[in-house]
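Shown next, in structure tokens, is the structure this report addresses.
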Amino acid sequence: MPRAAEPLSLNNAAARHIWLRAQRLDTQAPFGEGASAVAAAVDHLGYVQIDTINVIERCHHHILFTRIPDYRRADLKQAQSQDKSVFEYWTHALSYVPSKDIGIFLPAMKAHKRDGHKWFSSVTPADTRKIMRLLREGPLTIRDIEDDVLTEKEHLWQSRKPSKRALQLAFYGGVVTISERAGMLKTYELMSRHFGWDKPPKPAPASARTTYLIDRALRSQGIVSLDSICHLDAPSKKAVRSLIEARVRRKELVRIALDGAGKQEHWARPEVLEATGEGDPSLVHILSPFDPLIIQRKRTELFFRYGHRFEAYVPKEKRLFGYFALPVLVGDDIVAALDLKTDRQNKKLLMQKWSWVGNGKKPASRKELKRRIEEELDRFERFQLAE
């Protein structure tokens with residue numbers, strides 16, 4: 001049996017360049033503009049996370065704005081509601097995902113429909129019959145249902161309306177989809193009617209899902225590990241590792257020894273390692289804490305030597321960066337964390353706290369960094385207050 005090739009050693013600077021290139025954060029307007037840019041960005045990244053926190057603009061809009069400089073919220077609405085190029089479903093969290101990948105998610109939908117979901121165990125058959133009767137008449141929001149008898153919450157995020165829980169259960173089961181959002185108010189629609197299917201697509205087999213997970217990570221991360229491919233999805237690791245090892249044997253993937261990673265294994269495609277050219281060092285990005293570059297905290301710390309803290313649920317006296325701190329990427333370094341808040345009534349962006357991190361801690365470079373960050377803050381404020 002031939003001996004496995006030695007891993008290729010890679011330092012953090014080179015690894016960061018590869019990841020930033022894969023995330024399309026090293027170039028201006030990589031996806032163009034308009035609804036087609038939204039579809040292209042979601043397709044390339046694989047998912048764009050959704051979250052309810054809105055001290056600044058919600059993270060799905062923020063993530064898209066980071067990669068689409070002329071992004072408008074209406075572009076996402078068009079992609080979801082008119083073009084139907086993206087739809088909402090669960091990845092590691094509720095996210096926008098490409099509609100062309102719906103077959104990958106159908107097995108999970110079928111399992112939820114068959115087995116129910118522990119989060120919605122209180123949903124009764126009568127609740128389900130009620131919402132299906134209403135949906136057959138047309139799309140609806142929870143505000144359209146006025147005859148609910150409110151119940152006590154079983155956990156913090158649960159609705160008191162039985163009809164909302166029934167709609168959510170139907171959503172996870174793939175019976176309904178979210179056809180439109182107005183803020184966080186969702187319009188529910190029958191899945192088949194929304195997409196206009198004569199015949200629904202076929203669920204992808206397990207092997208196709210494994211391929212999908214690996215290819216999605218390679219496309220959007222450049223350098224991958226088991227943890228980064230299977231983020232919050234430990235059951236998939238065995239099949240993913242098996243396919244990675246097969247690709248290594250076929251020389252489709254190269255083993256990477258990443259500086260500081262210890263025994264954690266990494267892999268990349270050979271052509272990614274051979275790509276030359278630096279990104280635009282003048283770019284400044286104010287990132288969402290839910291951005292794909294930040295959401296996997298241990299990976300971000302390994303590549304950038306920056307440990308981001310999400311402190312929205314941390315007691316005030318224990319916060320270091322602030323309630324909703326946003327990492328700031330200048331070139332290929334994270335140099336600051338800004339705790340911002342949008343004052344919509346007075347139409348301004350408030351600076352709660354500015355923390356220097358990484359190379360931003362060096363006083364010699366702060367003046368220029370501050371100037372560049374403040375320029376981007378002006379643009380960021382305009383985005384917060386637009387539309």
Side-chain angles (χ1 to χ4, degrees), residues 9-30 55-56 62-63 65-67 69 221-223 257-262 275-311 314 317-342 348-384:
S9 294
L10 207 62
N11 61 34
N12 287 95
R16 283 198 302 273
H17 290 156
I18 291 171
W19 192 12
L20 291 172
R21 189 186 309 135
Q23 280 289 304
R24 299 297 189 261
L25 291 172
D26 67 334
T27 187
Q28 186 80 9
V55 283
I56 62 161
H62 185 173
I63 292 166
F65 168 77
T66 299
R67 293 161 178 83
Q221 297 173 10
I223 299 169
L258 189 57
D259 189 23
T276 58
E278 297 293 327
D280 184 348
S282 69
L283 292 179
V284 177
H285 295 298
I286 299 170
L287 300 171
S288 166
F290 299 104
D291 194 278
L293 199 77
I294 304 298
I295 194 63
Q296 296 192 37
R297 308 279 188 245
K298 291 182 180 178
R299 177 179 168 89
T300 304
E301 186 165 8
L302 173 62
F303 279 66
F304 287 91
R305 300 293 188 253
Y306 163 71
H308 185 71
R309 287 167 55 96
F310 182 66
E311 299 178 328
V314 174
E317 65 276 9
K318 294 184 178 180
R319 293 174 191 155
L320 297 180
F321 298 142
Y323 177 83
F324 201 68
L326 311 179
V328 181
L329 179 73
V330 178
D332 63 357
D333 279 325
I334 295 174
V335 299
L338 309 181
D339 185 25
L340 302 175
K341 181 178 181 180
T342 302
K348 58 183 177 180
L349 185 66
L350 304 178
M351 177 66 67
Q352 311 276 74
K353 186 175 182 179
W354 185 310
S355 303
W356 291 108
V357 301
N359 285 331
K361 290 183 176 180
K362 299 176 182 177
S365 59
R366 278 189 192 174
K367 184 176 180 180
E368 176 61 15
L369 286 173
K370 191 170 189 292
R371 182 191 65 78
R372 292 169 64 185
I373 293 169
E374 286 177 342
E375 286 180 357
E376 180 60 18
L377 278 169
D378 288 341
R379 194 177 78 90
F380 194 67
E381 181 178 52
R382 292 194 297 273
F383 165 65
Q384 297 298 312

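Scanning both residues, Pro289 and Ile294, for their nearest heavy atoms gives O-CG2, 3.7 Å. Contact detail for Ala325 and Ala337: the closest heavy-atom pair is CB-CB, 4.3 Å. Between Ser355 and Lys353 the shortest heavy-atom distance is OG-CE, 3.7 Å. Arg21 approaches Ala275 most closely through the heavy-atom pair NH1-CB, 3.5 Å.
One finds no salt bridge joining Glu375 and Arg379 here, because no Lys/Arg side-chain nitrogen approaches an Asp/Glu carboxylate oxygen to under 4.0 Å. Between Asp291 and Arg67 there is a salt bridge, with a side-chain nitrogen of the basic residue lying less than 4.0 Å from a carboxylate oxygen of the acidic one.
Residues Ile56 and Leu326 meet the side-chain proximity criterion, which asks for heavy atoms closer than 4.5 Å. Between Ile63 and Pro292 there is a side-chain heavy-atom pair separated by less than 4.5 Å. Here the side chains of Leu329 and Val284 are not in contact, with every heavy-atom distance at 4.5 Å or above. In this structure, the side chains of Gln296 and Glu301 stay at 4.5 Å or more apart for every pair of heavy atoms. Taking the side chain as every heavy atom from C-beta outward, Leu293 and Leu25 approach each other to under 4.5 Å. No side-chain heavy atom of Asn12 sits under 4.5 Å from any side-chain heavy atom of Phe304. By the 4.5 Å heavy-atom criterion applied to side chains, Leu369 and Val328 are not counted as neighbours. Proximity of Leu377 to Met351: side-chain heavy atoms (C-beta onward) are separated by under 4.5 Å at one or more points.
For Glu311, the side-chain contact (heavy atoms from CB on, under 4.5 Å) criterion is met by Arg309, Val314, Arg319, Leu320, Phe321, not counting sequence neighbours. Considering only residues two or more places apart in sequence or on other chains, Gln28 meets the side-chain contact (heavy atoms from CB on, under 4.5 Å) condition with Pro69, Leu283.
Atoms CZ and CG, on Arg305 and Asp333 in that order, are 12.0 Å from each other to the nearest 0.5 Å. Distance check: Trp19 CH2 to Arg16 CZ gives 11.0 Å after rounding to the nearest 0.5 Å. The line from CG of Leu350 to CD of Gln384 is 11.0 Å long, rounded to the nearest 0.5 Å. Taking OG of Ser365 as the reference point, atom CH2 of Trp356 lies at 7.0 Å (rounded to 0.5 Å). Atom CD of Glu376 sits about 8.5 Å away from atom OG1 of Thr66, to the nearest 0.5 Å. The distance from the CG atom of Leu20 to the CG atom of Asp332 is 6.5 Å, given to the nearest 0.5 Å.
Checking Asp26 against His17 by side-chain atom types alone, no donor-acceptor pair falls below 3.5 Å.
A donor-acceptor pair is defined here as one N or O able to donate and one able to accept, closer than 3.5 Å; no such pair exists between the side chain of Gln352 and the backbone of Leu340. At least one donor-acceptor pair closer than 3.5 Å links the side chain of Asp339 to the backbone N or O of Phe324.
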Audit row: Asp259, Asn11, side chain to side chain donor-acceptor pair (under 3.5 Å) steps and yes/no: CA-CA 5 Å; Asp259 189 23; Asn11 61 34; over 6 Å; no
CA sep, side-chain torsions, deciding dist, call: Leu338, Ile373, side-chain contact (heavy atoms from CB on, under 4.5 Å): CA-CA 10 Å; Leu338 309 181; Ile373 293 169; 4.0 Å; yes
Criterion side-chain contact (heavy atoms from CB on, under 4.5 Å) on Asp280 and Thr27, from CA distance to verdict: CA-CA 6 Å; Asp280 184 348; Thr27 187; 5.8 Å; no
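A distance of 6.0 Å or more separates the ring centres of His285 and Phe380. Ring centers of Tyr306 and His308: under 6.0 Å apart, within the cut-off.
Both the sub-6.0 Å distance and the 45° axial angle are satisfied by Lys370 relative to the ring of Trp354.
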